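Take a look at the structure set out below.
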Amino acid sequence: MIDLRSDTVTKPNDAMRAAIAAAPVGDDVYADDPTVNALEERVSALFGKEAGVFTPTGSLSNQLGIRTLVKPGEELLTETFAHIVRAELGAGAAFSGITTRTWEGDHGLLVADDVMSIARPDSGPYLVSTTAIAVENTHNFGGGTVQPIDEIRKLRKLTHDVGIATHLDGARIWNAHVATGISFNDYADNFDTVSVCFSKGLGAPIGSMLLSTKDRVAEARIWRKRYGAGMRQVGILAAAINYALDNNIPSLADDHRRAREIAAACASVAPLAVDLKYVHTNIVVLELQGSSKTAPQINSELKDAGILASALGPHTLRLVTHRDLTDDDISKTNSVLPALLQSAFKS
Ligand SMILES: *Cc1c(COP(=O)(O)O)cnc(C)c1O
């Protein structure tokens with residue numbers, strides 16, 4: 001099977017497994033795991049933050065970030081298709097008593113003035129106060145779009161002026177960096193808390209991290225334990241992540257090229273399905289509105305041909321490239337998918 005459902009489906013290769021086997025470990029709840037401690041220092045330095053706390057998932061690192069920025073009953077703003085409000089099962093409300101309001105961005109793309117037009121800081125005793133804004137980069141359901149750095153900087157300035165904090169859901173910040181050449185530091189500078197994932201394109205089996213100031217990370221560490229995610233000899237996971245950081249960032253460019261090849265083949269026969277202007281990284285979202293087939297139908301036809309994709313809704317199909325694919329897999333996909341789209345859009 002050619003698995004294009006997600007960039008989370010990659011498996012550790014032999015070299016990563018060797019790094020796992022060789023890792024020095026200790027009890028991380030006692031801050032005794034040298035590999036985890038070194039990884040937290042390494043990644044905080046990479047993003048220019050004072051400290052980091054290792055988490056099993058990106059949902060948890062997002063939740064720890066917003067937990068430290070927004071008090072119960074206060075408000076977080078985010079884009080309407082952001083992972084934080086669409087794919088974390090209401091965790092902000094369920095765990096932290098946080099309320100959310102959303103704006104809608106074209107393919108998830110940030111426009112700072114639009115966001116600020118709905119922000120309501122310091123709303124007094126009768127209305128909800130906006131205390132933080134979360135930005136997703138790249139934007140998953142937006143089709144892997146890269147947020148424009150100028151809009152990010154503008155949002156930072158405008159929020160700073162009125163005392164609103166900012167959180168970056170940087171699950172795929174690696175992809176944004178590779179696509180633009182903008183440094184991790186330059187992105188992270190604009191946010192009070194930053195969440196990054198190692199289990200997507202980087203190919204580690206598990207792991208995310210929340211990055212921020214020493215104080216905020218100390219607070220997040222307490223909440224991590226309270227939520228039940230204090231972990232013990234997890235240096236074996238940190239070692240896999242070290243391996244991924246050492247070896248797996250540059251080849252994200254191949255994932256991007258391959259996603260573009262798939263998108264271009266689809267757009268050439270079904271221009272309504274995908275606009276190449278929005279294919280920035282490793283995700284291709286196909287919109288099937290106006291075709292004679294639903295996303296689950298095309299998905300099952302693909303499956304019959306040995307290709308797995310994700311139906312995100314009745315008319316939306318997502319394909320994600322990753323490091324466990326080959327150029328042959330892409331050629332095979334392009335010998336099947338465009339023909340299916342062509343017939344779906346013909347009638
Ligand atoms: C994958 C992802 C996360 C974290 O997901 P987990 O499955 O909890 O690790 C967060 N944000 C975005 C945008 C993601 O794609």
Side-chain angles (χ1 to χ4, degrees), residues 3-10 43 47 52-67 76-92 94-96 100 102 105 107-110 132-147 152 166-179 187-188 191 193-211 220 223-224 227-229 231 234 237-238 240-241 244 252 255-256 259 278 280-285 309-310 312 316 318-323:
D3 197 343
L4 295 160
R5 286 173 303 167
S6 174
D7 46 8
T8 56
V9 300
T10 59
V43 180
F47 284 84
V53 57
F54 182 52
T55 62
T57 66
S59 296
L60 183 58
S61 54
N62 274 335
Q63 290 304 320
L64 292 177
I66 64 178
R67 160 104 245 170
L76 173 79
L77 302 184
T78 193
E79 204 276 333
T80 196
F81 294 108
H83 195 279
I84 286 181
V85 287
R86 289 297 302 136
E88 297 178 14
L89 290 305
F95 293 164
S96 307
T100 46
T102 60
H107 292 76
L109 288 167
L110 176 69
I133 293 172
V135 174
E136 188 171 309
N137 195 16
T138 66
H139 196 296
N140 178 2
F141 295 138
T145 46
V146 177
Q147 302 297 356
I152 292 174
T166 52
H167 171 76
L168 171 63
D169 179 355
R172 293 189 182 81
I173 196 66
W174 324 102
N175 300 81
H177 161 73
V178 165
Y187 279 123
F191 297 94
T193 52
V194 174
S195 166
V196 300
C197 291
F198 309 110
S199 61
K200 302 279 169 76
L202 291 192
I206 288 186
S208 290
M209 198 174 286
L210 180 73
L211 306 160
W223 281 103
R224 181 186 67 167
Y227 288 162
M231 299 174 288
V234 279
L237 302 177
I241 293 162
L252 293 174
D255 300 350
H256 299 178
Y278 297 103
H280 298 170
T281 56
N282 67 324
I283 299 176
V284 180
V285 170
S310 302
L312 295 182
T316 308
R318 189 188 69 172
L319 301 100
V320 186
T321 56
H322 54 75
R323 52 184 314 94

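Counting starts at 1 for both ligands and their atoms, following the listed order. For the single chain, residues carry numbers from 1 onward in sequence order. As the structure is a computational prediction, the values presented were derived from the model and not from experiment.
- The closest non-hydrogen atom to atom 13 (C) of ligand 1, taken over E136, R86, E88, comes from E136.
- Taking every heavy atom of N62 and a limit of under 4.0 angstrom, the matching atoms of ligand 1 come to 10 (C), 11 (N).
- Here the NZ-OG distance, from K200 to S208, works out to 7.0 Å after rounding to the nearest 0.5 Å.
- Between S208 and ligand 1, no N or O atom pair is found at a separation short of 3.5 Å.
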side-chain contact (heavy atoms from CB on, under 4.5 Å) evaluation trace for T102 with F81: CA-CA 9 Å; T102 60; F81 294 108; over 6 Å; no
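- Taking each of H139, Q63, K200 in turn, the one with a heavy atom nearest to atom 2 (C) of ligand 1 proves to be K200.
- Here's the thing with G58: one of its N/O atoms is less than 3.5 angstrom from an N/O atom of ligand 1.
- Qualifying ring pair (Phe, Tyr, Trp, His ring centres under 6.0 Å) partners for F198, counting only residues two or more places apart in sequence or in other chains: W174.
- In this structure, NE2 on H280 lies 6.0 Å from CG on L109, to the nearest 0.5 angstrom.
- At the top of the distance list for atom 11 (N) of ligand 1, counting protein heavy atoms only, stands D169 OD2, 2.7 Å.
- With a heavy-atom cut-off of 4.0 Å, T57 touches ligand 1 through backbone and side chain alike.
- Side chain to side chain, H322 and N282 fail the donor-acceptor criterion of an N or O pair below 3.5 Å.
- Here the CG atom belonging to D7 is positioned 6.0 Å from the CD1 atom belonging to I283, to the nearest 0.5 angstrom.
- Nearest non-hydrogen protein atom to atom 8 (O) of ligand 1 is S59 OG, 2.6 Å.
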